[in-house]
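Below is one structure; the comments refer to it alone.
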2 protein chains.
Amino acid sequence: MDETFGQRLAERVRDQGGLCVGIDPSSATLHEWDRPDTVEGLEYFARALVELAIEEVAMIKPQVAYFERFGSKGYAVLELVLSEARDAGLLTIADAKRGDIGSTNSGYAQAWLGENSSLRADAVTVSPFLGVGSMADFFSLAQRSSRGVFVLAATSNSEGRTVQRAHTDSGERIEELILRSIREFNQRDEGLGSVGAVVGATRDDISFEWESMSGPFLVPGVGAQGATVAQVARMFERCAKGTVVVPISRGITQAGPSKSALRDAMRRFGDEVRDSF
Amino acid sequence: MDETFGQRLAERVRDQGGLCVGIDPSSATLHEWDRPDTVEGLEYFARALVELAIEEVAMIKPQVAYFERFGSKGYAVLELVLSEARDAGLLTIADAKRGDIGSTNSGYAQAWLGENSSLRADAVTVSPFLGVGSMADFFSLAQRSSRGVFVLAATSNSEGRTVQRAHTDSGERIEELILRSIREFNQRDEGLGSVGAVVGATRDDISFEWESMSGPFLVPGVGAQGATVAQVARMFERCAKGTVVVPISRGITQAGPSKSALRDAMRRFGDEVRDSF
């Protein structure tokens, strides 16, 4: 039996640390790098980051929205990025936030987790507005293909709280319901499971026993968005080593386009994350 | 000043009726049509439907998940479909259910609503798990480009109810909060606004004055999913003519691959929708 995504991830994080380089080729970032806001600019930016990430970290997280801006050509660049990362043994998290009804989710699951898909990544982020139950095809394909899913649970952005902190008829908050559902799914696996949660770095207000999750956490919000690595470390201090992934995008890319400055930024954040967990 | 998406849509629906042909090239559907589950099968299926839709209806709704299964090549087929539809004057709704934090949503908005994007459609569906407030860039780009957005509000699938019917701290249900937010946004425009709601055909349990929305409704769930056109007509009977879009996918495609049978199915549903509203 192959290892689960959670087990593979935990090994890599214990070896190399939990920093994940976010690849967010927005118009604004390409402009800062003096690159045109075109598919050529996109390709330059993404490949420069991957090349450095291969040497410095365990994981990358391309933000799919910024590739999708360029349609099929943007997706071709994303395929190239995923394939270069895969060949070099980098773990990849496709930040796609996909989510629809169950039958449609099987299409998205094929795209991001399917064995023969050109877009296959080690994990994909998903959004449960249509219910955690609608995510079943993501979970089962992830389990079969030793890949992973990160489900949005409690995000950092203030607008998200209205939805995520709403109460179900049984009095539970939506974010707690999602975390609990993930935990239940993961308990089917030995060790760290295939389904993780996306929890914003500022969401230490939630009453949930993080250490009971049996799955990994993807914790955005550190760096340019204001939270600190120390804050994340405190929040998850009782979790097993190798459980927490800290994606940093702007905090690193704003050091660019100089490769040596980018490398320094990756090392600085990499050390900080490694020393804190 | 250009017409809003809502105004353009209302004119088309009044002229040609509210049937929207859903283009859902799932593995199962391609198999039913005796086509391979490949990008060639995808292209055959999608173009056959568009060709007939051009003659018979006002709108198509490609389900993006089923194109995404084939990565950049699937997106190239989607671009072709959108461009053929555009050239023939068909309205297009990209069923993408995109949704992320505000800055990322600007990337998705560029992809689907941007003036020069190869994926531009007349409207795109979005998912508000990160808050209605995070949708601002979709709304503003739609307004600027005379395009539209359909926000998921109350879906038909049973799993979605836990999230959508949860209560905010002020006691409002999430689905009602979303509908109210859309209405407030639309009140900025004269006539039918650019922002619509996705409301499942079985969701006549909601207490909301549909006729106050000032925006269109996209109402899935008719046909293979069990709801009837009459049910939808009753639900929205107080709304202005031209407000309601009824997407039907399986109900039509299961008549295929025979072109004459597909045409008959489009006409039958088209007449039924036209006669009911």
Side-chain angles (χ1 to χ4, degrees), chain A residues 24 26-28 63-79 95 97-108 110-112 114 117-119 127-135 152 155-169 173-174 177-178, chain B residues 24 26-28 63-79 95 97-108 110-112 114 117-119 127-135 152 155-169 173-174 177-178:
Chain A
D24 290 20
S26 66
S27 300
Q63 171 47 258
V64 176
Y66 296 128
F67 294 82
E68 196 164 287
R69 300 192 294 137
F70 298 102
S72 59
K73 290 181 182 158
Y75 272 96
V77 173
L78 181 56
E79 286 164 346
D95 198 356
K97 311 259 181 9
R98 297 300 190 250
D100 206 305
I101 57 170
S103 52
T104 305
N105 281 340
S106 75
Y108 284 127
Q110 281 176 51
W112 300 102
S117 171
S118 57
L119 287 172
S127 176
F129 187 75
L130 286 99
V132 184
S134 67
M135 300 284 148
L152 283 183
T155 60
S156 286
N157 70 324
S158 56
E159 304 94 341
R161 300 205 181 190
T162 321
V163 175
Q164 295 156 28
R165 293 184 67 73
H167 290 92
T168 66
D169 287 339
R173 290 192 192 270
I174 293 299
L177 167 72
I178 293 166
Chain B
D24 290 21
S26 66
S27 299
Q63 171 46 262
V64 176
Y66 296 128
F67 293 83
E68 197 165 287
R69 301 193 294 137
F70 299 102
S72 59
K73 289 180 182 157
Y75 272 97
V77 174
L78 181 55
E79 286 164 348
D95 198 357
K97 311 256 180 13
R98 297 301 190 251
D100 206 305
I101 57 171
S103 52
T104 306
N105 281 340
S106 75
Y108 284 128
Q110 282 177 49
W112 300 102
S117 170
S118 57
L119 288 172
S127 176
F129 187 75
L130 286 100
V132 184
S134 67
M135 299 285 148
L152 284 182
T155 60
S156 286
N157 70 324
S158 56
E159 305 94 341
R161 301 206 180 189
T162 321
V163 175
Q164 295 155 26
R165 292 185 68 72
H167 290 93
T168 66
D169 287 339
R173 290 194 191 271
I174 293 298
L177 167 72
I178 293 167

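Since we're looking at a predicted model, the values are computed, not measured. Reckoned from all heavy atoms, side chains included, excluding hydrogens, waters and symmetry mates. Below, read A as the first sequence line, B as the second, and so on, with proteins coming before strands; counting in each chain starts at 1.
- Of the atoms belonging to Gln63(B), it is side-chain heavy atoms, and not backbone ones, that fall under 4.5 Å from chain A.
- The parts of Val64(B) that come within reach of chain A are both its backbone and its side chain, each placing non-hydrogen atoms under 4.5 angstrom from that chain.
- In this structure, the portion of Leu177(B) lying under 4.5 Å from any heavy atom of chain A is its side chain and not its backbone.
- At a 4.5 Å heavy-atom cutoff, the contact between Ile174(B) and chain A is made by side-chain atoms alone.
- Heavy atoms of Arg173(B) lying under 4.5 Å from chain A belong exclusively to its side chain.
- Contact of Thr162(B) with chain A is made through backbone and side chain together, with heavy-atom distances under 4.5 Å.
- Interface remark: Ser134(B) contributes backbone and side-chain atoms alike to the contact with chain A (heavy atom separation under 4.5 Å).
- Qualifying side-chain contact (heavy atoms from CB on, under 4.5 Å) partners for Phe70(A), counting only residues two or more places apart in sequence or in other chains: Asp37(A), Val39(A), Leu42(A).
- For Leu130(B), the parts lying under 4.5 angstrom from a heavy atom of chain A are both the backbone and the side chain.
- Residue Ser103(B) touches chain A through both its backbone and its side chain, counting heavy-atom pairs closer than 4.5 Å.
- Interface residue Tyr108(B): backbone and side-chain heavy atoms are both found under 4.5 Å from chain A.
- Salt bridge annotation for Arg98(B)-Asp100(B): absent, with no cationic side-chain nitrogen under 4.0 angstrom from a carboxylate oxygen.
- Contact of Ser118(B) with chain A is made through the side chain alone, with heavy-atom distances under 4.5 Å.
- Glu79(A) touches chain B through its side chain: at least one heavy atom from C-beta onward sits under 4.5 Å away, while N, CA, C and O do not.
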